[in-house]
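Structure first, commentary second.
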Number of protein chains: 4
Amino acid sequence: MSQTPDRREELLATAAEVFAAQGYNATTVRKIADAAGMLAGSLYYHFDSKESMLDEILSTFLDDLWARYDAVLAAGLGPRETIEALVTESFREIDRHRAAVAIYQKESKHLRTRPRFGYLADSQQKFEKAWLGTLERGVAERAFRADLDVRLTYRFVRDTVWVAASWYRPEGQHSPEEIARQYLSMVLEGIALRT
Amino acid sequence: MSQTPDRREELLATAAEVFAAQGYNATTVRKIADAAGMLAGSLYYHFDSKESMLDEILSTFLDDLWARYDAVLAAGLGPRETIEALVTESFREIDRHRAAVAIYQKESKHLRTRPRFGYLADSQQKFEKAWLGTLERGVAERAFRADLDVRLTYRFVRDTVWVAASWYRPEGQHSPEEIARQYLSMVLEGIALRT
Amino acid sequence: MSQTPDRREELLATAAEVFAAQGYNATTVRKIADAAGMLAGSLYYHFDSKESMLDEILSTFLDDLWARYDAVLAAGLGPRETIEALVTESFREIDRHRAAVAIYQKESKHLRTRPRFGYLADSQQKFEKAWLGTLERGVAERAFRADLDVRLTYRFVRDTVWVAASWYRPEGQHSPEEIARQYLSMVLEGIALRT
Amino acid sequence: MSQTPDRREELLATAAEVFAAQGYNATTVRKIADAAGMLAGSLYYHFDSKESMLDEILSTFLDDLWARYDAVLAAGLGPRETIEALVTESFREIDRHRAAVAIYQKESKHLRTRPRFGYLADSQQKFEKAWLGTLERGVAERAFRADLDVRLTYRFVRDTVWVAASWYRPEGQHSPEEIARQYLSMVLEGIALRT
DNA sequence: AATGAATGAGTATTCATTCAT
DNA sequence: TATGAATGAATACTCATTCAT
């Protein structure tokens, strides 16, 4: 019967755009329905609740992200190459799931506390372990400067990477890889001219 | 006896904390009133609306910020020293107005469009001109690398500085100046060990 | 101590103007206080409540009105002369108590039901008896046309007289007596040219 | 089964009754909803706001009124017959839209100033032009007395006609046409017995 | 799959009133 | 007499959600 290839995914994509543009709380179910060309009540045929849409958007994104991060971490690269790969994958993920990343960036902090979104906290911890660990390994292996405050550095890097979702445009002039290269150049070598 | 050292300001500080913690939209007037130990309606003796509280919080912060930025920009420093001073002042401002900065970071994007908050867009433009101009001058004067994409660099730096408000704690182990030094070290010299 | 000749009456006059201009319900205590150059709470030193102001305004007006009506009715005039005198006194009363009459016109209908304003219903009944009685006497004594529907005529006359408070201006070109003369001429003789 | 002969119109009729009985400001949305057998919030499925209900009630009434007035004015009648026709149509309109007329009478004065209700002022002006013009034509053509103050007469007539909405009851003993005839008889011929 | 209509819990805001000073 | 600050009840309006069709 149902030959709908994926009405569900269409609707989720629409919802994600609206959430990203207006914020989750400020997004009414009616706005999503308008954007999808249906009435508000009709969404409930497809989804349990507004929250479950958000849930599905975020968990789909994180599943994809971790598949790629795990591949990088399992590849046995050196610390510098690992950082390079993680940064590159992150910008690629922004390219693929811009709306979801923007939502994640804006909402995860207060969602984390709710049981249903516990996986956000889990992900955040795995995330920290991966990045902090790599930075520490880099210092130990003399790939990175010894005087680094790795915790602060981790925060700086984490923030910049994800906030990029708020200004990144897929149609823009820079590919994700190009942005990653520029960013890595700044973080690894610095912007000051070496004399 | 109590010379009421401005009930208004107390209330604004309270409101700013709640806005920062929960987001402007998700913050009900009742939550602010609870935090201030009064009833929701009583806030309207002091303020016209929830929005006018937000307005006053943001404009007070921006006025203060620009007083300091303008002083830096008028000091006739070289580009590297200007960047250092701007970054340092920014982290100090986060220390002074943490809540306001967090609100600014989260809400300014969609507030900018409303006429009442037009000054956010103005400020944003002045901000961009100050930072971009300094970076460009730095490239021209050979203080910064010639292969820099200054627009991208500007975005990276802008984001990292302000997002810091979301994790910065005044009682933490790092002073604003210390955080600025670490951040400048990363951005100016890079984290890779020079061989 | 209190040499205030009549602060109370000043305030009542102010309140009456605002009630007349904006309607009783739409008039906030603050608007009255603004017009009187004080703060809202301060009015409660002089009056028990907003309702008691309204009460005093209306009952003062009605006391005055009935003093004059009663004098007319006790004078032993013929029906036509009685109608002429009542109409003239009514327009004079509008001149003296314009605001109160306007309030009476707009609010008495729904105030009548409340116990506190029971005197409005009493007054209304006395009013009807005086006018209807005079009209009926006029028909009986062949001063007025025999084919008159006195109830309808009463309503027409009553309404026109009091509604005049909504357009009458004391500084206007017509004295109350002049308006009364014009009105009586229309009602008594008609506007059609007699052939 | 139920072809919903316009829920909207049912609700508007209900709202009009309540507005007329209690006044627009004093009418709470809850009262309307109670009278309609639903919850207050449910009204907002059908209407944007309480004000838009009022707007629709008044503009529907005025559209109807002007269709009939325009027909009268276009009929090329003499001044006396025009006045007779306008008065008759007015009382018929009160019969058809009693609630709307009562609301118009009570609220139009202060609504007129609001932009949304600008059409009330427009209507008022057309109204004045039609009546005043006819009265003046009547004086010129010797249908009406030469010593008439037409402005005052216009006000007297206008007021009496519309105020009638406040006491008229459709189930009453008088048809609109009968009321019109009595009123015209009084205004045109006067109530005094001709000697 | 989708609509039309309704629910009910909330949300900002208003306002008459109180009261210590 | 008047002020400044607060109360508490009400008010218009919003919105996620439900459900019969």
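Here the structure is a predicted model, which is why all the values come from computation and not from measurement. Here is the naming used below: chain letters follow the sequence lines, and residue numbers restart at 1 for every chain.
- Side chain of A/K109 to main chain of B/S166: a donor-acceptor pair is present (N/O by atom type, distance under 3.5 Å, no hydrogens or angles).
- For the pair B/K50 and B/Y44, the NZ or CZ position fails the cation-pi test of under 6.0 Å to the six-membered ring centre and within 45 degrees of the ring normal.
- Atoms CD (D/E10) and C1' (E/dA6) sit 15 Å apart, rounded to a whole Å.
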- [ ] Go along nucleotides 15-21 of chain E 5' to 3' and tag each nucleotide: B for a protein heavy atom under 4.0 Å from its base, S when only backbone or sugar atoms are that close, - otherwise.
- [x] SSBB---

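- Each of D/I32, D/T27, D/D34 was compared with D/R30 under the side-chain contact (heavy atoms from CB on, under 4.5 Å) criterion, and only D/D34 meets it.
- Rounded to an integer number of Å, the gap from CD of D/Q22 to C1' of F/dA10 is 15 Å.
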Task: Strand DNA chain F in bracket notation, Watson-Crick/G-U under 3.5 Å with | for pairs to another chain - done: .||||||||||||||||||||

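- B/L54 places its CG atom 14 Å from the C1' atom of E/dA12, with the value rounded to the nearest Å.
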Task: C/Y119/C/D55 under side-chain hydrogen bond (donor to acceptor under 3.5 Å, both in side chains): CA gap, chis, key distance, verdict - done: CA-CA 10 Å; C/Y119 62 86; C/D55 194 353; 2.6 Å; yes

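- Between A/H46 and A/M53 there is no side-chain heavy-atom pair separated by less than 4.5 Å.
- In this structure, C/H46 reaches the F/dA2 phosphate: one of its side-chain N or O atoms is under 4.0 Å from OP1 or OP2.
- The CG atom of B/D34 sits 13 Å away from the P atom of F/dG8 (whole-angstrom rounding).
- Under a 4.0 Å N-O distance rule, the pair C/E93/C/R98 does not qualify as a salt bridge.
- Between A/L11 atom CG and E/dA1 atom C1' the separation is 11 Å, expressed in whole Å.
- Within the 4.5 Å cutoff, the side chain of A/L65 has no heavy atoms near those of the A/V101 side chain.
- D/Y45 has its OH atom 8 Å from the P atom of E/dA6, to the nearest Å.
- Distance CZ (A/F47) to C1' (E/dA1): 13 Å, rounded to an integer number of Å.
- Rounded to whole Å, atom C1' of E/dT11 lies 15 Å from atom CG of B/L39.
- When all heavy atoms of C/A26 and D/N25 are compared, the closest pair comes out as CB-ND2, 3.8 Å.
- The residue among D/L43 and A/M38 whose nearest nucleotide of DNA chain E lies closer to the 5′ end is A/M38.
- A 4.5 Å side-chain heavy-atom check between C/F19 and C/K106 finds every atom pair outside the cut-off.
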